[in-house]
A.B. asks: 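Questions regarding the structure given below will be posed in turn.
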Amino acid sequence: MDSLSADKIREYRGTLTKPGVESPHRNRSVEENLDLFGRMRAGEFPDGAYVLRARIDMASPNLNMRDPVMYRILHASHHRTGDQWCIYPMYDWAHGQSDSIEGVTHSICTLEFEDHRPLYDWFLEQLGIFHPQQIEFARLNLSYTMMSKRRLLALVQKGIVDGWDDPRMPTISGLRRRGYTPESIRDFSERIGVAKRDSIVDVALLEHCLRDDLNKSARRVMAVLRPLKVIIDNYPDDKIEEVEAVNNPEDESMGTRPLTFSKVLYIEKDDFREDPPKKFFRLSPGSEVRLKHAYYITCVDVEKDEKTGEIVAVHCSYDPATKGGWSADGRKVKGTLHWVSAAHAIEAEVRLYDYLFTKEAPDVVEEGKEFTDFLNPNSLEILHGCKVEPSLAEAKAGDRFQFLRHGYFCADTKYFTPDRLVFNRAVSLRDTWAKIEKKQADE
RNA sequence: UGGGGAGUCGUCCAGUGGUAGGACACAUGACUCUGGAUCAUGGAACCGGGGUUCGAAUCCCUGCUCCCCAGCCA
């Protein structure tokens, strides 16, 4: 039993290069120690008055062996045992015993506990109980992601994220809400392996595993995130048709569904350019594209707001001979767009996520900086007024879809209701056009 | 500068005395009713210096770099 203050214990411990000094209380008699420990457990002393320490070796080059503390007084309410106890064991003292009691044969932990293994072994040996083997491995680090629980807690407490299950959080609840499948996480775990060296796994691999899984299983649906009105001039005003859409080209057994086509549609704003760059396969004045599963259309006119010059609608003509999305004359169109019928689409809120940090290793920060200095201001973008196909009205929280040409989305488990459809983007599709465009911009 | 660990393509993981391999990423091409998916091809690495050996990523010596430890945290 030691009655040195915490400060004194630190002082007596020595440093990395200087051996420690034994506490003046180190040689108390067994009787006195027993008496003191009994009273300590009985709650006679205030916090910090006494600690129980193991007498090992104050000169050990391993600081953990310099008479480590086993129990300290903490008059705190425990979430399970309440005020029943006022002394609590230190991790090193408790760790081996709980492993032993549980009959764990191999106790896996992270690298920073390598220095603690001699102590783990020492306690077990002194106790003479079943001796599990502790083995240390490197922790998982993900690029552009923070994995430290303490720092993640800070994000939650500061309100930077929407709780532990914020879809940007690398927590299980966060990944789940984001739309990650258990299969994809297991696949990822297998692919990254386990080793003893410090490393940062590319978050792109995690994303790849999700795409890989969802590509095979997710239902394809039409969702226009940033709507642009398209009017088919030569299509009858009141006509409504049904076209058949494949639910998943990777899995025929998932069947088809009907889609409603009409004169006024929405397409993606990005899918139209009045002044198209090179290699732009989408809609532009005079160009012909396919509306997926429906018709070929050609842009004939652009309608702009007189004051702002903003494009408010695009006028097209359609070829009635291309129903279903193919042409008997064999002519090809390079672009295929997704769309929804304006009168039939339903509204949704879509949340686009990006990495929480702009730095590959946000927990490695230089002097004077904090990890919060590298937060990505654009990690969340909320889109209102998105137009999605009517079948999504039957979606349930947690359902996953591929929004055609966009990515994989998950109906949010926190905010999704029949009256308010909220979808989280789990991961985008690979965007080859974005690369081409970026390359063109660089040149 | 005490002690404990780790160094292999851009990234992660294999290879432990016999042709350095896979995945992701990247690049190029093919195909395509998703610029998706798929397929093909390609570039790309043994921390440095010695030594042992017919032969070294692997064994030996030596140097270098990086990570962890001075909580009554875990």
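Chain identifiers are assigned alphabetically (A, B, ...) following the order of the sequence lines, protein sequences preceding nucleic acid strands; residue numbering begins at 1 within each chain.
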A.B. asks: Would you sort out whether A:Asp363 and A:Ser148 count as a side-chain hydrogen bond (donor to acceptor under 3.5 Å, both in side chains), showing the intermediate values?
C.D. replies: CA-CA 8 Å; A:Asp363 45 358; A:Ser148 150; over 6 Å; no
A.B. asks: Does A:Thr256 use its side chain to pair, donor to acceptor, with the backbone of A:Glu244 at less than 3.5 Å?
C.D. replies: no
A.B. asks: Quick one: label A:Ile9 by what it contacts on the DNA or RNA (base, sugar-phosphate, nothing), any heavy atom closer than 4.0 Å.
C.D. replies: base
A.B. asks: Can you figure out which of B:G35, B:C72, B:G10 approaches the side chain of A:Arg72 most closely?
C.D. replies: B:C72
A.B. asks: Mind checking A:Glu207 for me? I need base, sugar-phosphate or nothing, with any heavy atom below 4.0 Å counting as a touch.
C.D. replies: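 Here A:Glu207 touches no strand at all.
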A.B. asks: Looking only at side-chain atoms of A:Tyr91, point me to the closest of B:C67, B:C68, B:A74.
C.D. replies: B:A74
A.B. asks: From the list B:U34, B:A14, B:G35, which nucleotide is the closest neighbour of the side chain of A:Ala195?
C.D. replies: B:A14
A.B. asks: May I ask you to decide if A:Glu370's main-chain N or O and A:Asp373's side chain share a donor-acceptor pair within less than 3.5 Å?
C.D. replies: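 Indeed, once roles are kept as given, a pair shorter than 3.5 Å links the two residues.
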A.B. asks: Are the ring of A:Trp433 and the six-membered base ring of B:G35 within the stacking cut-offs of under 5.5 Å and under 30°?
C.D. replies: yes
A.B. asks: If we ignore hydrogens and angles and just use 3.5 Å, is the side chain of A:Arg178 paired with the main-chain N or O of A:Ala426 as donor and acceptor?
C.D. replies: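 Side chain of A:Arg178 to backbone of A:Ala426: a pair is present.
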A.B. asks: Quick one: label A:His116 by what it contacts on the DNA or RNA (base, sugar-phosphate, nothing), any heavy atom closer than 4.0 Å.
C.D. replies: base
A.B. asks: Please classify B:G63 as syn or anti, treating any glycosidic angle within 90° of 0 as syn.
C.D. replies: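 For B:G63, whose glycosidic angle is more than 90° from 0, the conformation is anti.
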A.B. asks: Look up atom OG in A:Ser341 and atom CE in A:Met222, then write down how far apart they are to the nearest 0.5 Å.
C.D. replies: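 Output value for this atom pair is 11.5 Å.
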A.B. asks: Can you check the distance between B:C59 and B:U16, where both ends of the measurement are the P atom (answer in whole Å)?
C.D. replies: 11 Å
A.B. asks: Nearest to the side chain of A:Ile192 - B:C12, B:C24, B:C26?
C.D. replies: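 Of the candidates, B:C12 comes closest.
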A.B. asks: Considering every strand and a 4.0 Å limit on heavy-atom distances, what is the contact class for A:Val333: base, sugar-phosphate, or nothing?
C.D. replies: nothing
A.B. asks: Looking at every strand, decide which applies to A:His293 at a 4.0 Å heavy-atom threshold: base, sugar-phosphate, or nothing.
C.D. replies: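 Here A:His293 touches the bases of the nucleic acid.
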A.B. asks: Anything below 3.5 Å on both distances counts as a pair; with that, list the stems of at least three consecutive Watson-Crick or G-U pairs involving RNA chain B.
C.D. replies: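 RNA chain B forms these stems: B:2-7 with B:64-69, B:10-13 with B:21-24, B:26-30 with B:38-42, B:47-51 with B:59-63.
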A.B. asks: Output all residues satisfying side chain to side chain contact (heavy atoms under 4.5 Å, CB included) with A:Thr15, sequence neighbours left out; order by chain, then residue number.
C.D. replies: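 Result, side chain to side chain contact (heavy atoms under 4.5 Å, CB included) vs A:Thr15: A:Thr17, A:Lys18.
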A.B. asks: Rounded to whole Å, please give me the gap between CD in A:Glu114 and P in B:C68.
C.D. replies: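 Distance check: A:Glu114 CD to B:C68 P gives 12 Å.
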A.B. asks: Can you measure A:Lys334 atom NZ to B:U34 atom P for me and round it to whole angstrom units?
C.D. replies: 15 Å
A.B. asks: Look at all strands and tell whether A:Lys439 reaches a base, only sugar-phosphate, or nothing, counting heavy atoms closer than 4.0 Å.
C.D. replies: sugar-phosphate
A.B. asks: Could you work out the separation of B:U11 and B:G50 based on their C1' atoms and round it to a whole Å?
C.D. replies: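 Rounded to whole Å, the distance is 32 Å.
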A.B. asks: Using a strict heavy-atom distance below 4.0 Å, which residues from residues 13-20 of chain A are in contact with RNA chain B?
C.D. replies: A:Arg13, A:Gly14, A:Thr15, A:Leu16, A:Thr17
A.B. asks: Is a side-chain N or O of A:Arg226 found less than 3.5 angstrom from the main chain of A:Lys269, in a donor-acceptor match?
C.D. replies: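 Here the side-chain-to-backbone pair does not exist.
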A.B. asks: Remember a base hit wins even if backbone is also touched, and classify A:Leu206 as base, sugar-phosphate or nothing at under 4.0 Å, heavy atoms.
C.D. replies: nothing
A.B. asks: How close or far is atom C1' of B:C72 from atom OH of A:Tyr71, stated in whole angstroms?
C.D. replies: 14 Å
A.B. asks: Among B:G3, B:C72, B:U34, find the nucleotide with the atom closest to the side chain of A:Met90.
C.D. replies: B:C72
A.B. asks: Which whole number of Å gives the distance between the C1' atom of B:C68 and that of B:A40?
C.D. replies: 46 Å
A.B. asks: Quick one: which of B:G5, B:A74, B:G36 gets closest to the side chain of A:Glu112?
C.D. replies: B:A74
A.B. asks: A:Leu63 side chain: which of B:G2, B:G4, B:U38 is closest?
C.D. replies: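 Ranking B:G2, B:G4, B:U38 by closest atom to the A:Leu63 side chain puts B:G2 first.
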A.B. asks: Does B:G35 have OP1 or OP2 under 4.0 Å away from a side-chain N or O of A:Arg405?
C.D. replies: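 Indeed, a polar side-chain atom of A:Arg405 lies that close.
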A.B. asks: With heavy atoms under 4.0 Å as the rule, sort A:Ala6 into base, sugar-phosphate or nothing.
C.D. replies: base
A.B. asks: Between A:Arg351 and A:Glu381 (salt bridge meaning N to carboxylate O under 4.0 Å), is one present in this structure?
C.D. replies: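 Salt bridge: no.
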A.B. asks: Would one find a side-chain N or O of A:Thr432 under 4.0 angstrom from OP1 or OP2 of B:G36?
C.D. replies: yes
A.B. asks: Mind checking A:Phe113 for me? I need base, sugar-phosphate or nothing, with any heavy atom below 4.0 Å counting as a touch.
C.D. replies: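 If one applies the 4.0 Å heavy-atom cut-off, A:Phe113 turns out to touch a base.
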A.B. asks: Under 3.5 Å, is there any donor-acceptor pair linking the side chain of A:Asn62 to the base of B:G4?
C.D. replies: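 Under the 3.5 Å cut-off, the side chain and the base do not form any donor-acceptor pair.
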A.B. asks: Please measure how far the C1' atom in B:C67 lies from the corresponding atom in B:C31, and state the result in whole Å.
C.D. replies: 47 Å
A.B. asks: Would you call A:Asp431 and A:Lys435 a salt bridge, taking side-chain N to carboxylate O under 4.0 Å as the test?
C.D. replies: no
A.B. asks: If you assign each of A:Val201 and A:Phe403 to its closest nucleotide in RNA chain B, which residue comes earlier from the 5' end?
C.D. replies: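 By nearest-heavy-atom nucleotide position, the 5'-most residue is A:Val201.
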A.B. asks: Measure from CZ on A:Arg211 to C1' on B:A23 and round the result to the nearest Å.
C.D. replies: 15 Å
A.B. asks: Measuring to OP1 and OP2 of B:G71, would you say a side-chain N or O of A:Arg10 lies under 4.0 angstrom away?
C.D. replies: yes
A.B. asks: Starting from P on B:G36, measure out to CZ on A:Phe281 and report it in whole angstrom.
C.D. replies: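 Whole-Å distance recorded here is 10 Å.
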A.B. asks: Among the nucleotides B:G5, B:G2, B:G36, which one has an atom lying closest to any side-chain atom of A:Pro61?
C.D. replies: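 For A:Pro61, the side-chain atoms sit closest to B:G2.
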A.B. asks: Please confirm whether the shortest side-chain N or O distance from A:Lys292 to OP1 or OP2 of B:G36 is below 4.0 Å.
C.D. replies: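 Checking A:Lys292 against B:G36: no side-chain N or O falls below 4.0 Å of OP1 or OP2.
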A.B. asks: Suppose you measure atom P in B:U58 against the same atom in B:A20; what distance do you get, rounded to whole Å?
C.D. replies: 13 Å
A.B. asks: Indicate, with a heavy-atom threshold strictly under 4.0 Å, whether A:Tyr295 touches base, sugar-phosphate, or nothing.
C.D. replies: nothing
A.B. asks: Applying a 4.0 Å non-hydrogen cut-off, can you work out what A:Glu250 is touching in the nucleic acid: base, sugar-phosphate, or nothing?
C.D. replies: base
A.B. asks: For the pair A:Glu268 and A:His406, evaluate side-chain hydrogen bond (donor to acceptor under 3.5 Å, both in side chains) and give the outcome as yes or no after the intermediate values.
C.D. replies: CA-CA 10 Å; A:Glu268 210 66 52; A:His406 280 300; 2.9 Å; yes
A.B. asks: Please classify the nucleic acid contact of A:Arg220 as base, sugar-phosphate, or nothing, using heavy-atom distances under 4.0 Å.
C.D. replies: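 Counting heavy atoms under 4.0 Å across all strands, the contact made by A:Arg220 includes a base.
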A.B. asks: Output yes when at least one side-chain N/O atom of A:Lys196 is less than 4.0 Å from OP1 or OP2 of B:G7, else no.
C.D. replies: no
A.B. asks: Base, sugar-phosphate alone, or nothing: which one does A:Ile436 contact when heavy atoms must sit under 4.0 Å apart?
C.D. replies: base
A.B. asks: Hey, does A:Val69 reach any base, or is it just sugar-phosphate, or nothing, if we go heavy atoms under 4.0 Å?
C.D. replies: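 Sugar-phosphate, no base atom in range.
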